[in-house]
Amino acid sequence: MEQTEQLSFDFYKETAQITRESRDELKLHLGEFNGPLDLLLYLIKQEQANIFDIPIAKITDEYLKYIRLMKHLDISVAGDFLVMAATLIEIKSKMLLPQEISEKEEEEMEDPREALVRQLLEHQKFKNAAQMLYERTTVEQAVFPRGKIESDENNAETNASVFDLLGVFQKILARHVEEVQMEIEREEISLADMLKSLKKRIFENKELSLLAFFEEMHTRRELVTAFIAVLEIVRTESVQLMQTTTFGDIILKKV
Amino acid sequence: MPKTKNHFMEVEEKQTRSISEIVSIVEALVFVSDDPVTVKIIADVLEEDRETVEAAVEELKQEYETREGGLQLREIAGGWQLVTRTEYHEEIRKFLKTRPSAKLSLAALETLAVIAYKQPVTVPEILDIRGVQSASAIKTLLDKKLITAKGRKETVGRPMMYGTSKDFLLQFGLKDLSELPSIEDFEDLVQGM
Amino acid sequence: MPKTKNHFMEVEEKQTRSISEIVSIVEALVFVSDDPVTVKIIADVLEEDRETVEAAVEELKQEYETREGGLQLREIAGGWQLVTRTEYHEEIRKFLKTRPSAKLSLAALETLAVIAYKQPVTVPEILDIRGVQSASAIKTLLDKKLITAKGRKETVGRPMMYGTSKDFLLQFGLKDLSELPSIEDFEDLVQGM
């Protein structure tokens with residue numbers, strides 16, 4: 001029995017989410033939220049380091065240690081982590097370089113960590129903003145609008161954008177696929193039902209293409225039922241089979 | 001404030017709502033409900049006895065009557081419901097008419113989506129994709145000039161084919177049909193850019 | 001009751017609503033509307049001036065606050081809306097048999113925060129701030145209609161730009177975007193990590 005113990009993410013403490021899998025394997029599960037910047041902030045905090053003076057060698061080592069733990073990761077997420085690893089190594093090596101300060105460059109010399117620190121601070125700001133949104137939505141969830149009233153029914157409308165249109169279309173397609181599958185899985189349609197729907201189609205449209213009708217069937221059984229239904233309807237109702245050309249489509253026509 | 005004595009049981013704790021609190025909760029429940037709410041249901045939810053809830057409902061009703069505001073609490077079909085006062089029906093009707101009419105029902109939206117992505121398309125084909133009759137949705141879309149007839153299909157019954165109109169482009173902010181997001185675009189978004 | 005004198009003109013008749021009548025009508029209109037209602041719409045429907053309607057709305061709001069009933073009148077997304085008081089959410093949830101709706105994932109919230117503060121913003125720009133791909137978070141936010149596409153940026157690859165929607169304001173209880181605390185306000189917290 002594989003037992004998965006999940007230590008859930010605590011919004012207020014920046015702990016990476018750790019999933020304990022079977023066979024003593026510890027796996028760091030890095031969801032989208034805990035990206036490389038989060039991991040860095042976490043490590044800096046663990047080291048109780050000053051964000052404006054990051055001990056880059058130490059943090060880089062720690063970071064790489066974590067990276068090594070991440071074997072079974074989503075590739076795109078892992079990619080982000082590897083990019084950061086490369087950045088850290090680059091900063092580390094820059095800081096190890098002997099400080100050969102040429103007179104020209106002296107003024108422009110910049111701490112190699114600066115860009116990273118800026119990014120971390122920016123990221124942290126938005127994390128705090130996310131927390132604010134989280135608190136707001138918690139309050140909002142305690143407030144309810146009125147239930148449906150009569151005037152809503154006459155106006156059951158939705159606003160639409162192009163993305164809605166696409167979303168709706170995708171849903172229809174998905175529903176369509178689902179229906180086809182369901183039809184295959186469920187009990188076959190009965191002859192009586194097949195007759196009923198066939199009759200309805202012919203009487204509504206005056207005529208019906210036999211080919212089109214047969215193409216709608218999803219299984220052999222349904223096809224056979226459909227065939228019997230056609231024979232039955234020609235026998236019992238005022239419906240004719242007509243073929244316009246020798247190998248053309250056969251039309252069921254109301255007489 | 002209602003906690004005047006020590007309670008030993010959880011259940012008992014729930015009984016300590018003041019009557020005015022119960023009145024407020026009744027108001028909130030009647031407000032959020034889609035259908036008239038019975039005293040029994042409220043009593044069950046609050047785990048209060050029927051008499052208490054009945055008294056609260058009566059008090060709330062009195063309150064609405066005394067206030068003479070825009071709403072009233074009324075008993076209907078064995079339950080309680082908040083509705084507007086009859087006096088203001090003219091203003092309400094006028095207000096309801098001013099609501100933006102550019103909105104589409106879900107049925108119309110679905111039909112429009114099928115037409116936009118599959119055009120030119122016939123009614124039987126739309127039926128096939130949506131799985132439901134779309135006649136009234138098509139009428140709505142024609143009325144709103146979002147779709148137009150595009151001639152007949154040379155097949156059994158020669159059904160009419162439909163496509164989107166220029167107004168469709170305008171309303172959805174599209175330069176032309178090629179600007180419609182493709183399903184593949186959406187999939188890319190999901191998989192990561 | 002307000003008809004104390006004879007009126008010679010139709011127009012004048014409309015002007016004779018008492019303020020308490022207007023308050024009542026405002027209440028009725030806010031109640032029947034399925035979206036927050038703006039003062040402007042009410043003023044247009046009633047053919048009253050804005051100031052009068054504003055005063056009526058303010059009075060109604062006061063009334064709800066004083067009553068301390070089950071409901072409150074609040075300003076949100078540029079309009080006015082009647083909703084239940086937060087105090088009774090447990091009873092309401094029990095009545096509606098709903099659990100707190102699925103909260104947004106932290107990834108989605110963070111992405112939403114970036115979009116809210118940096119809008120209009122493209123996916124690469126979001127990546128830059130978050131340090132991770134945000135595609136699935138963006139899809140979630142689009143599905144939940146919290147963000148909308150705001151056209152393409154005229155730059156390499158013409159990436160889509162995103163911004164927050166009206167539903168965003170509604171869901172986070174904001175009157176408008178200016179009600180968002182400024183992003184600099186969150187800076188102090190950084191030092192205190």
Taking all non-hydrogen atoms of both residues into account, name the closest pair between A:Arg136 and C:Phe172 and its distance.
NE-O, 2.8 Å
Do other residues, nucleotides or ligands put more than 12 heavy atoms under 6.0 Å from the CD atom of A:Glu204?
yes
Answer yes or no: is there a donor N or O on one side and an acceptor on the other, between the side chain of C:Glu110 and the main chain of A:Ala129, under 3.5 Å?
no
If I take atom NZ from residue A:Lys125 and atom CD from residue C:Glu184, how far apart are they, to the nearest 0.5 angstrom?
5.5 Å
Under a 4.5 Å heavy-atom cutoff, which of C:Leu127, C:Ile129, C:Leu170 has the most pairs with chain A?
C:Ile129
Side chain C:Arg130, main chain A:Phe126, donor-acceptor under 3.5 Å:
no
Nearest 0.5 angstrom please: A:Leu133 CG to C:Leu180 CG, how far?
7.0 Å
Which residues, numbered in order, of residues 56-75 of chain C come under 4.5 angstrom of chain A by heavy-atom distance?
C:Gln72, C:Arg74
Which residues in residues 79-91 of chain C have a heavy atom less than 4.5 Å from any heavy atom of chain A?
C:Leu82, C:Val83, C:Thr84, C:Arg85, C:Thr86, C:His89
Looking only at C:Leu96, C:Ile76, C:Leu174, most heavy-atom pairs under 4.5 Å shared with chain A are made by C:Leu174
CD1 of C:Ile183 to CD of A:Glu122: how many Å apart, nearest 0.5 Å?
7.0 Å
Please identify which of these residues, C:Leu104, C:Leu109, C:Leu112, meets the side-chain contact (heavy atoms from CB on, under 4.5 Å) condition with A:Tyr134.
C:Leu109
